[in-house]
**Q** 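Have a look at the structure that comes next, please.
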2 protein chains.
Amino acid sequence: MSDEQRELQRLDISRHAVRLFAERGVAATSGEQIAQTAGVSERTLWRCFRTKESCVEPLLTKAIEAFRAALHTWPADTELTEHLREAYEVVPDWSSDTDAEAVLAVIRMTLDEPALRAAYLMLRERAEDTFAEVLAERTGVEPDAFVLRAQAAAVSAVFKVATDRLAVDAAASGISTEVLDRHREQLANALSLVTRGLSDASRPRADG
Amino acid sequence: MSDEQRELQRLDISRHAVRLFAERGVAATSGEQIAQTAGVSERTLWRCFRTKESCVEPLLTKAIEAFRAALHTWPADTELTEHLREAYEVVPDWSSDTDAEAVLAVIRMTLDEPALRAAYLMLRERAEDTFAEVLAERTGVEPDAFVLRAQAAAVSAVFKVATDRLAVDAAASGISTEVLDRHREQLANALSLVTRGLSDASRPRADG
DNA sequence: GCTTTATTGGCAGATGCTGCCAGTAAAGCT
DNA sequence: AGCTTTACTGGCAGCATCTGCCAATAAAGC
């Protein structure tokens, strides 16, 4: 089975798992139920996911991937604020993507379910690597330099806070254009504060 | 039993658990073994810790608490860089504290053991709240403002990267004064990049 | 000394998760 | 097509993790 097919299977299971988690809670949902709902045996479920909580990963990855993609296309001569304003959609094909609500719902769930939050934080940390690569390519600093890793982690952290806010705002007032725009604006502003040092950081330092 | 006594019990168990984890690995260490080594029943172990991986929390908390304490005493008229240089010790009473090596060892373990890493990241995120409080008191912005939470998360993220580096450096070249100083210096520099926007952020914004 | 309360330990049991093997289907070779 | 090889799945056994419940013990209050 190809990697892509495997990923599709994981995503399919993820959708069912998130729905069950939302309906009756994480604790009240067993691996057996997830497997049954997704139409696979329990054995294959555990082959796809190490724990039942990690069943939410494929959907959560969508949100992170959307931001990474936007960051990746950030032109060298543009302000990050400006670039995000036109290039960042929380989910790439937001309007047509039926997963949009599910993604925000699961992010909201992570706020109350520690095990889900832990899985979420792990995903985000893995994303820091790719953020660092993007920043490295941009600044010319080697990707493993301390300053660069620190900046990447900071960017990721700001992005996390913004996404959490969006998730609860969307639950309160729906996924309106205003909410989304506000989210982008807040995120871009906070990021520009944190990345302000980027040009300084691009000059190699003794302690890098 | 007082909260303090409970915390001492947790710390005691934590020491035993970390030693076992280091000796034979996390997977090869059962909750029963941890309980037995710590001299309590398995039942009380599960009353103190939700999972066997969370047995490392009390020791990890020490490292985070040390930084929080340093941040807390940051005077308003001082540069963070300068303050950390004189106020921050990775573990408060480093030289006399026999837990110092254990703390760094468990941080190193989190780099290879996903379940431990997840527990670590959860602890760090809880600490963001207290960072935000400190920054709020300092800047006068309400603690829940988005910019402030973002800054707190960024500070926490930079601190995380620095601590990870310290842990592997200390394993390679021992816990020497040079390593510790270098750590403080890197941390302070990176933090000053990230907190550079703090004075701007203290002016209330429409989207805060 | 007696009652009340809090903490612990043991036991039963559900759930999470893994190793192993057999069944099955797809893909390649002749 | 027929055969072989390979890869994936499902079922089962079994250990480990974690929880609810109750009894035992100890501490605290009267």
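Below, chain A is the first sequence line, B the second, and so on; all start at residue 1. Note that this is a predicted model, so its numbers are computed, not measured. Reckoned from all heavy atoms, side chains included, excluding hydrogens, waters and symmetry mates.
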**Q** Would you kindly give the CH2-to-P distance between W46(B) and dA16(D), to the nearest whole Å?
**A**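 Interatomic distance, CH2 of W46(B) to P of dA16(D): 11 Å.
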**Q** Just checking, any donor-acceptor pair under 3.5 angstrom between side chains of T73(A) and H83(A)?
**A**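 Per modelled atom types, T73(A) and H83(A) side chains form a pair under 3.5 Å.
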**Q** Does S41(A) or F49(B) map to a spot on DNA chain D nearer the 5' end, using the closest nucleotide for each?
**A**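 Going by which nucleotide is closer to the 5' end, it is S41(A).
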**Q** Rounded off to whole Å, could you give me the CZ-to-P distance for the R43(B) and dG9(C) pair?
**A**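 Computing the R43(B):CZ to dG9(C):P distance gives 11 Å.
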**Q** Measure the distance from CD on E53(B) to C1' on dA16(D) and round it to the nearest whole Å.
**A**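 Between C1' of dA16(D) and CD of E53(B): 11 Å.
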**Q** Can you check whether any acceptor in the base of dG16(C) is under 3.5 Å from a donor in the side chain of R50(A), or vice versa?
**A**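 There is none.
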**Q** Indicate, with a heavy-atom threshold strictly under 4.0 Å, whether T29(A) touches base, sugar-phosphate, or nothing.
**A**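 Sugar-phosphate, backbone atoms only, no base.
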**Q** Is a side-chain donor or acceptor of S156(B) paired with a backbone partner of A152(B) at a separation under 3.5 angstrom?
**A**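 Between the backbone of A152(B) and the side chain of S156(B) there is no qualifying donor-acceptor contact (under 3.5 Å).
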**Q** For the pair made of CD1 in I13(B) and C1' in dT7(C), what is the distance, rounded to whole Å?
**A**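 Rounded to whole Å, this separation is 13 Å.
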**Q** Please pick, from dG10(D), dC18(D), dG9(C), the nucleotide with the shortest atom-to-atom distance to any side-chain atom of T44(A).
**A**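 Of dG10(D), dC18(D), dG9(C), dG10(D) is nearest to the side chain of T44(A).
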**Q** Return the nearest nucleotide to the side chain of E42(A); candidates are dG9(C), dT19(D), dC17(C).
**A**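 Of dG9(C), dT19(D), dC17(C), dC17(C) is nearest to the side chain of E42(A).
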**Q** Might you confirm whether atom CZ of R50(A) has over 12 heavy atoms from other residues, nucleotides or ligands at distances under 6.0 Å?
**A**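 No, because the 6.0 Å sphere around CZ of R50(A) holds 12 heavy atoms or fewer from other groups.
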**Q** Distance check needed: dG11(D) C1' versus L45(A) CG, whole Å only.
**A**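 Checked: the CG to C1' distance equals 15 Å.
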**Q** Taking NZ, NE, NH1 and NH2 as the nitrogens, is one of them in E7(B) or R10(B) under 4.0 Å from a carboxylate oxygen of the other?
**A**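 Yes, E7(B) and R10(B) are salt-bridged.
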**Q** What is the distance, to the nearest angstrom, from the CD atom on Q36(B) to the P atom on dA16(D)?
**A**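 One finds 13 Å between P of dA16(D) and CD of Q36(B), rounded.
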**Q** Can you measure K52(B) atom NZ to dC17(C) atom C1' for me and round it to whole angstrom units?
**A**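 From K52(B) NZ to dC17(C) C1': 12 Å.
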**Q** Indicate the atoms forming the closest heavy-atom contact of K52(B) with V26(B), along with that distance.
**A**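 Looks like NZ-O, 3.0 Å.
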**Q** Tell me which nucleotide among dC17(C), dC18(D), dC21(D) gets nearest to the side chain of R47(B).
**A**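 That would be dC21(D).
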**Q** Atom CD of Q9(B) and atom P of dT8(C): how far apart are they, to the nearest Å?
**A**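 Those two atoms, CD and P, are 5 Å apart.
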**Q** Would you mind telling me which of dG11(D), dG10(C), dG16(C) lies closest to the side-chain atoms of S30(A)?
**A**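 The closest nucleotide is dG16(C).
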